[in-house]
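Step one of this worksheet: look at the structure below.
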Amino acid sequence: MRYMVIIKANKDSEAGKLPSMELLNEMGKFNAELVEKGIMVDGGGLRSSAEGKRVVFDDEKRSVVDGPFAETKELIAGYWILELPSIEEAVEWVKRVPNTDGGHSEIEIRRLGELSDFEEYMTPEMQEQERALGERLAEQQQRPTAFGQ
C-alpha cells in the first residue's frame, strides 16, 4: 500500500526560512535510508504559499486566488510517498523523522486510493483506461526527481 506523508507548514516554512544545515543533513540521511530500504516512492518540499495560487470551483465558474494563504495550519510544506504494508509501519517510520530544529510540527499520514478501491463502481472500459494511464505514468517515471533537478 502507498501512503502520502504530509508535512504541515508552519510560520517559518511559510516565511521561506530554510531548515538548519543540521536538519538538512539529518533529513538527507533519513531519505537515503527510505530509498535504500525501497520504501520511498517520491518526496519533495513545497515553496511558500506566497508563490502559489488556488483555483476555486463554483458550479461552472472558476476563479483564481493568489497566495499567500492565511490558514498556515492547513498548508503543506512537503511530502513523501511511501510504500509499506500497513499504516502502522508508516507511523513507525514517521516517528523517526528528524526534528533537530525543535519546535512544534505535525505530519499527517494518509493512504493513497488504489484502482482496486474504485473498480466495483467503474465500467470495464473505465478500468482499462485507468490501467493504461497507470502504465503510461510508470513509463514517464524515468524523469529527474525533485532532488536530482
Side-chain angles (χ1 to χ4, degrees), residues 1-16 18-19 23-24 26-99 104-149:
M1 289 178 270
R2 293 179 305 152
Y3 296 91
M4 176 173 260
V5 177
I6 303 164
I7 303 159
K8 299 290 186 126
N10 59 35
K11 65 180 181 191
D12 287 342
S13 64
E14 275 299 291
L18 294 176
L23 181 57
L24 289 173
E26 292 301 313
M27 289 299 280
K29 290 176 187 176
F30 183 72
N31 286 339
E33 184 177 3
L34 291 172
V35 171
E36 288 169 20
K37 300 270 186 194
I39 295 168
M40 186 172 168
V41 175
D42 194 9
L46 301 177
R47 303 283 297 247
S48 163
S49 71
E51 298 180 39
K53 296 184 182 289
R54 286 186 177 160
V55 178
V56 180
F57 294 76
D58 189 10
D59 292 322
E60 297 300 315
K61 183 181 176 193
R62 309 294 190 261
S63 57
V64 177
V65 178
D66 293 331
F69 307 120
E71 288 297 320
T72 303
K73 67 182 180 182
E74 299 298 324
L75 297 175
I76 299 171
Y79 72 97
W80 286 286
I81 303 291
L82 305 180
E83 190 155 346
L84 291 161
S86 69
I87 196 164
E88 290 78 19
E89 268 194 71
V91 167
E92 291 307 311
W93 277 98
V94 169
K95 284 180 175 180
R96 296 180 51 206
V97 170
N99 189 27
H104 177 82
S105 61
E106 291 184 27
I107 297 179
E108 182 177 331
I109 305 167
R110 306 259 308 268
R111 183 171 168 235
L112 293 177
E114 306 286 341
L115 181 58
S116 61
D117 295 331
F118 302 98
E119 282 182 331
E120 69 181 86
Y121 305 103
M122 300 170 75
T123 66
E125 295 80 15
M126 293 167 72
Q127 292 177 28
E128 182 53 39
Q129 178 183 6
E130 290 300 314
R131 278 191 194 86
L133 287 172
E135 288 173 8
R136 190 163 176 209
L137 282 172
E139 291 171 9
Q140 292 176 354
Q141 292 299 318
Q142 305 308 318
R143 61 173 170 69
T145 67
F147 300 110
Q149 293 179 355

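One-based numbering along the sequence shown.
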If you take all heavy atoms of [X] and [Y], which pair is closest and at what distance?
X	Y	value
Ser13	Ala77	OG-CB, 3.9 Å
Asn99	Ser105	OD1-OG, 4.2 Å
Ile6	Met4	CG1-CG, 3.6 Å
Asn10	Asp12	OD1-N, 2.9 Å
Glu14	Ala50	OE1-N, 4.3 Å

Could you grab the distance from atom [atom1] of [X] to atom [atom2] of [Y], nearest 0.5 Å is fine?
X	Y	atom1	atom2	answer
Glu128	Leu133	CD	CG	10.0 Å
Arg54	Asp66	CZ	CG	11.5 Å
Ile76	Ile107	CD1	CD1	12.5 Å
Asp117	Met1	CG	CE	10.0 Å
Glu120	Gln127	CD	CD	10.0 Å
Arg2	Ile39	CZ	CD1	15.5 Å

Taking atom [atom1] as the centre, does [X] end up with more than 12 heavy-atom neighbours from other residues, nucleotides or ligands that are less than 6.0 angstrom away?
X	atom1	answer
Arg136	CZ	no
Arg131	CZ	yes
Phe57	CZ	yes

*Look only at the side chain of Ser49 and the backbone of Phe69, and say whether a donor-acceptor pair between them is shorter than 3.5 Å.*
yes
*Does any N or O in the side chain of Glu106 come within less than 3.5 Å of the main-chain N or O of Lys8, such that one atom is a donor and the other an acceptor?*
no
*With Glu33, which residues qualify under salt bridge (charged side-chain N to carboxylate O under 4.0 Å, His left out), at least two apart?*
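Scan of Glu33 (salt bridge (charged side-chain N to carboxylate O under 4.0 Å, His left out), adjacent residues dropped) gives Arg96.
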*Can you name the one residue among Ile109, Val94, Val41, Leu34 that meets side-chain contact (heavy atoms from CB on, under 4.5 Å) with Trp80?*
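The single option meeting the side-chain contact (heavy atoms from CB on, under 4.5 Å) with Trp80 is Leu34.
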Can you confirm whether [X] sits close enough to [Y] that some side-chain heavy atom of one is under 4.5 Å from a side-chain heavy atom of the other?
X	Y	answer
Arg110	Glu108	yes
Met40	Asn31	yes
Lys95	Glu92	yes

*Going through the checks in order, is the side-chain contact (heavy atoms from CB on, under 4.5 Å) test met by Glu130 and Met126?*
CA-CA 6 Å; Glu130 290 300 314; Met126 293 167 72; 5.6 Å; no
_Steps toward salt bridge (charged side-chain N to carboxylate O under 4.0 Å, His left out) verdict (Glu26, Lys29)_ = CA-CA 5 Å; Glu26 292 301 313; Lys29 290 176 187 176; 3.5 Å; yes
*List the steps and the verdict of side-chain contact (heavy atoms from CB on, under 4.5 Å) for Leu115 and Met122.*
CA-CA 10 Å; Leu115 181 58; Met122 300 170 75; 3.7 Å; yes
*Trp93 and Tyr3: aromatic ring centres closer than 6.0 Å?*
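That pair fails the under 6.0 Å test.
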